[in-house]
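One structure below.
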Amino acid sequence: MSYIEVKQYTKVIKGNTVLDHVNLNLEKGKIYGFVGSNGSGKTMLFRAVSGLIKPTEGSVHIDGKLLHKDISFPPSLGVIIESPGFWDELTGFENLELLSKVKGVIGSEEIKNAIERVGLNYKDARIYKKFSVGMKQRLAMAQAVMESPDLLILDEPTSGLDEDGISRIRNMILEENQRGATVLIASHNKEDISLLAGKIYRVADGKVHAEEKKS
């Protein structure tokens, strides 16, 4: 049985078909890459699998459970989609600490570890509003992995990062996958996809097709 099964998923917004009869069968414990131009439907597909939008037609099953019926969201999910909703007046640690209270499954040590893994300092007293673009992206990744989720959905995770940041995030994705996480990644950085993904899908005009991976 597929871990993630997308069946004939169609999403129409204001008469515009943004996802068009998408079918996917994704196995647990693998890294899947999604490529395509801006506006192709990649982010909307990730929103669909995350449970953030409901289908006009079709369905998404996560581990055999139907989204929006059996479950509202994937039960163990770490996600970066568009701009994370951090609080401007809180530090990085304070932001993650507040978010961790939603599920209450981790404590301070896990938060500190996640922040250090992305190359930030959990003792940094600067508030989020003062963070650089790269620091904000690193904190987003720390937020995504801090609870050791079963599923990671990452839309442009290396965007705005320097070489150190890109290297750290790629290594983290591989480490999370080795831990057992299933990873869905979309990136305009071709190296992200070629180095990380075992299988690649191309998204164009709301349709999704498997693509042969070039060795």
Side-chain angles (χ1 to χ4, degrees), residues 1-85 137 140-141 143-145 149-160 169 173 176-177 181-194 196-214:
M1 183 177 69
S2 298
Y3 175 49
I4 299 171
E5 186 176 15
V6 181
K7 283 185 181 178
Q8 293 293 314
Y9 195 106
T10 299
K11 182 65 177 179
V12 179
I13 299 175
K14 296 181 180 179
N16 181 32
T17 302
V18 293
L19 291 173
D20 189 0
H21 295 90
V22 174
N23 292 286
L24 284 173
N25 287 284
L26 307 181
E27 297 176 24
K28 186 173 285 190
K30 295 189 176 182
I31 301 177
Y32 295 93
F34 292 82
V35 298
S37 60
N38 290 333
S40 60
K42 300 188 306 297
T43 297
M44 200 59 67
L45 175 63
F46 281 7
R47 291 173 68 83
V49 176
S50 300
L52 297 173
I53 60 171
K54 292 184 178 181
T56 305
E57 298 175 33
S59 62
V60 176
H61 285 79
I62 306 290
D63 215 9
K65 294 180 179 177
L66 179 60
L67 268 182
H68 307 298
K69 184 178 179 183
D70 301 327
I71 52 175
S72 298
F73 304 98
S76 181
L77 173 67
V79 64
I80 299 175
I81 297 179
E82 298 169 337
S83 300
Q137 190 70 6
M141 188 65 186
Q143 167 271 140
V145 303
D150 294 336
L151 175 61
L152 273 172
I153 296 180
L154 307 173
D155 192 5
E156 302 293 342
T158 61
S159 175
I169 297 311
I173 291 169
E176 292 299 302
N177 178 243
T182 305
V183 184
L184 278 56
I185 176 174
S187 180
H188 290 300
N189 187 324
K190 291 181 179 179
E191 281 193 358
D192 287 345
I193 301 298
S194 63
L196 298 171
K199 187 166 185 178
I200 300 169
Y201 290 91
R202 179 161 293 278
V203 185
D205 298 320
K207 297 180 182 290
V208 181
H209 300 286
E211 190 171 89
E212 289 296 320
K213 184 173 180 182
K214 298 178 180 67

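Between the side chain of E156 and the backbone N or O of H188, at least one donor-acceptor pair lies under 3.5 Å. Although no hydrogens or angles enter the test, the distance criterion places no donor-acceptor pair under 3.5 Å between the side chain of D150 and the main chain of A181. Side-chain atoms of N25 never come within 3.5 Å of backbone atoms of I4 as a donor-acceptor pair (strictly under, hydrogens ignored). At distances below 3.5 Å, at least one donor-acceptor pair connects side-chain atoms of T56 with backbone N or O atoms of V12. Formation of a donor-acceptor pair under 3.5 Å by the E82 side chain with backbone atoms of T43 is not found in this model. In this structure, Q137 contributes its side chain and P157 its backbone to a donor-acceptor pair below 3.5 Å.
Residues passing the salt bridge (Lys or Arg N to Asp or Glu O under 4.0 Å) test with D155: none are found, sequence neighbours excluded. Residues satisfying the ring pair (Phe, Tyr, Trp, His ring centres under 6.0 Å) criterion with Y32, sequence neighbours excluded, are absent altogether.
For the pair F46/L154, no side-chain contact is recorded, criterion being any heavy-atom separation below 4.5 Å from C-beta on. The shortest distance between side-chain heavy atoms of F34 and I153 does not fall below 4.5 Å. Side-chain contact check for K199 versus L26: every heavy-atom pair is 4.5 Å or farther apart. Inter-residue side-chain proximity for I62 and V49 is flagged as met; some heavy-atom pair is nearer than 4.5 Å. Here the side chains of M141 and I173 are in contact, with some heavy-atom distance below 4.5 Å. Taking 4.5 Å as the limit, some side-chain heavy atom of D63 sits within range of a side-chain heavy atom of K28. When side chains are defined from C-beta on, L151 counts as touching L184, because their heavy atoms get closer than 4.5 Å. Between H68 and P55 there is a side-chain heavy-atom pair separated by less than 4.5 Å.
Counting all heavy atoms, side chain and backbone alike, T182 lies closest to E27 at CG2-O, 3.7 Å. I81 and S50 make their closest contact through CD1-OG, 3.7 Å (heavy atoms, listed as atom of the first residue, atom of the second, distance). In this structure, A144 and P149 approach most closely via the heavy-atom pair O-CG, 3.4 Å. Of all non-hydrogen atoms in G41 and L19, the two that sit nearest each other are O-CD2, 3.6 Å. Of all heavy-atom pairs between V35 and E211, the closest is CG2-OE1, 4.2 Å.
Residue Y9 is tested with L24, D20, I53 for a side-chain contact (heavy atoms from CB on, under 4.5 Å); the sole match is I53.
Note that the OG atom of S159 and the CD1 atom of I169 stand 11.5 Å from one another [nearest 0.5 Å]. Rounding to the nearest 0.5 Å places CD1 of I185 at 5.0 Å from CD1 of I193. Distance check, rounded to the nearest 0.5 Å: CZ of R47 to NZ of K42 gives 14.0 Å. In this structure, K54 NZ and K11 NZ are separated by 9.0 Å, a value rounded to the nearest 0.5 Å. Taken to the nearest 0.5 Å, the OG1 atom of T158 stands 10.0 Å off from the CD atom of E191. Taken from CD in E176 to CD1 in I31, the straight-line distance is 10.0 Å, to the nearest 0.5 Å.
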